[in-house]
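Everything numeric here is computed off the predicted structure, so don't read it as measured data.
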Amino acid sequence: MSKRFIAYFDYLGFKDFIMNNPVEYQEQYIGHIFRDIENALAKQQFKKASPGLMVPNLQNSKLHCINFSDTVLFYTNDDSLDSLKEILEVADIFNWQCIDFFFPVRGCLYYGECVDKRFNTKTGNTGTYSVNSLIGTGLINAYLKAENQSWAGTVIDDTVVQYIAANFGNPNSILSSHAKMYIVPYKEKLEKQTEEWVFNLVKVNGTLNDVAFENMEKSIRENFGKHNKGIDSPRVKEIIGNTITFLKSYT
């Protein structure tokens, strides 16, 4: 099976995080990235690791995940309905927890060709040789669509929507618990752009009152600037503004 569902994410401001902090600080906070990935893979289910310590329970996860530098990839074994539902839930959790609380991301959920090659071995006294490579047009198309977005947010590509419609019926029945329709802000504007499915930022009843909106807006703005990430360039201001505009769609 070469076609599967791929959720591609990249962290916004990651270069500033690396360049503007000592490596000891980077090591400390990179653990938060691992925490967010594991929380999403576990679908926020935890188990006791030791007295007083709870950790994400990854035992039931069927997804594959790769993190390299500023990129996080989740992908399924196949294109079954169960696999689709799992990656929708995981990508949903990962998207909102990153944007709302720690390190903003942009991303794309895509359906297409993707083949993984994995291999690990030791090479002598202290060396290692590790392969964790993905190939296929699905991966590249997911990357290109994610990179063209001008906000912190994640779009569900039409390849996914059309696959649901062709195999499982009305896409709304599967997507509406995780996503809403919205005009996605792109760096390169699309001709005759229409609304697309995008993952939600708001969970409680899908709406925000004025106080909740102000609190979330403050949190998201602070999140963009955490860890000495620059927020003064016109490009970053545009991304933040587009993200807050999306948040306002819940009021």
Side-chain angles (χ1 to χ4, degrees), residues 7 9-14 16-17 20-21 25 28-29 31-46 54 56 70 72 88-109 146 149-156 172-187 193-251:
F9 294 93
D10 68 357
Y11 288 102
L12 299 173
F14 193 83
D16 282 358
F17 167 68
N20 297 337
N21 295 290
Y25 185 94
Q28 177 184 354
Y29 281 96
H32 291 204
I33 286 178
F34 302 152
R35 174 204 63 196
D36 288 349
I37 293 171
E38 292 166 11
N39 284 349
L41 281 170
K43 297 183 281 290
Q44 297 183 300
Q45 300 298 311
F46 297 88
M54 302 294 289
D70 66 343
V72 177
L88 279 169
E89 185 175 1
V90 168
D92 183 4
I93 293 169
F94 184 75
N95 179 71
W96 66 256
Q97 71 182 3
C98 287
I99 295 172
D100 292 351
F101 299 114
F102 178 60
F103 212 125
V105 295
R106 62 184 169 194
C108 174
L109 178 61
Q149 292 170 69
S150 188
W151 67 344
T154 300
V155 63
I156 299 173
N172 186 71
S173 64
I174 293 177
L175 298 178
S176 60
S177 59
H178 301 285
K180 64 184 286 186
M181 298 293 286
Y182 189 75
I183 297 288
V184 178
Y186 289 106
K187 290 186 287 187
Q193 185 176 1
T194 59
E195 290 184 333
E196 299 176 87
W197 285 98
V198 300
F199 282 106
N200 284 313
L201 289 184
V202 173
K203 293 299 172 187
V204 182
N205 299 323
T207 60
L208 294 172
N209 60 33
D210 289 344
V211 173
F213 171 79
E214 290 175 3
N215 289 337
M216 283 196 70
E217 177 184 13
K218 179 181 178 183
S219 177
I220 289 173
R221 289 186 182 278
E222 289 177 348
N223 201 11
F224 270 95
K226 283 180 181 175
H227 316 299
N228 296 317
K229 300 193 297 289
I231 57 173
D232 295 328
S233 73
R235 173 73 181 133
V236 175
K237 288 181 178 179
E238 177 186 354
I239 290 173
I240 295 174
N242 288 338
T243 306
I244 300 305
T245 298
F246 177 49
L247 182 67
K248 196 166 182 62
S249 71
Y250 292 94
T251 61

Does a side-chain heavy-atom distance below 4.5 Å link K237 with I231?
no
Flag the pair I99 / V105 as yes when at least one side-chain heavy-atom distance between them is below 4.5 Å, and no otherwise.
yes
Pick out which of N21, D16, N20 makes a side chain to side chain donor-acceptor pair (under 3.5 Å) with N228.
N21
Hey, does I156 have a side-chain heavy atom less than 4.5 Å from the side chain of H178?
no
Could you tell me if the side chain of T243 sits less than 4.5 Å from the side chain of L247, heavy atoms only?
no
Looking at side-chain heavy atoms only, is the closest gap between T154 and W96 below 4.5 Å?
no
How many angstroms lie between OG1 in T194 and CD in E196, if you round to the nearest 0.5 Å?
6.5 Å
Atom pair OG (S233) and CD1 (I240), whose distance is rounded to the nearest 0.5 Å
8.5 Å
Nearest heavy atoms of D36 and C98, plus distance in Å
OD2-SG, 4.1 Å
Shortest non-hydrogen pair, N95 vs G153, comes out as OD1-C, 3.8 Å
Positive for ring pair (Phe, Tyr, Trp, His ring centres under 6.0 Å) with W151, one of Y186, Y182, F224
Y182
For residues K229 and G13, report the shortest heavy-atom separation together with the two atoms involved.
CD-O, 3.3 Å
What I'd like to find out is whether the side chain of S150 reaches to under 4.5 Å of the side chain of R235, using heavy atoms alone.
yes
Less than 6.0 angstrom separating the ring centers of F17 and Y11, yes or no?
no
Residues W197, L109; criterion side chain to side chain contact (heavy atoms under 4.5 Å, CB included); working and verdict
CA-CA 10 Å; W197 285 98; L109 178 61; over 6 Å; no
Quick one: does N223's side chain get under 4.5 Å of D100's, heavy atoms only?
no
Tightest non-hydrogen contact, residues K226 and F102, listed as CD-O, 4.2 Å
Could you pull out all residues at least two apart from E217 that satisfy side-chain hydrogen bond (donor to acceptor under 3.5 Å, both in side chains)?
R221
Taking all atoms of both residues into account, what is the closest heavy-atom pair of A40 and I93, and its distance?
CA-CG2, 3.9 Å
Quick one, H227 with F14, criterion ring-ring contact (aromatic ring centres under 6.0 Å, His included). Give me CA distance, side-chain angles, the key distance, then yes/no.
CA-CA 10 Å; H227 316 299; F14 193 83; over 10 Å; no
Between A7 and A91 the two heavy atoms that sit nearest each other are CB-CB, 4.2 Å
Measuring from atom OG of S249 to atom CG of L201, what distance do you get when rounded to the nearest 0.5 angstrom?
8.0 Å
Give, for atom CD1 of I244 and atom CE of M216, the distance between the pair rounded to the nearest 0.5 Å.
8.5 Å
Tell me if the CG atom of D210 is crowded by more than 12 foreign heavy atoms within 6.0 Å.
no
Return the NZ to CD distance between K187 and E238, rounded to the nearest 0.5 Å.
9.5 Å
Do R106 and F9 come within less than 4.5 Å of each other through their side chains, counting heavy atoms only?
no
Taking the six-membered ring where the residue is Trp, are the ring centres of H32 and F103 under 6.0 Å apart?
no
Distance in Å, K180 NZ paired with L175 CG, rounded so as to fall on 0.5 Å steps
14.5 Å
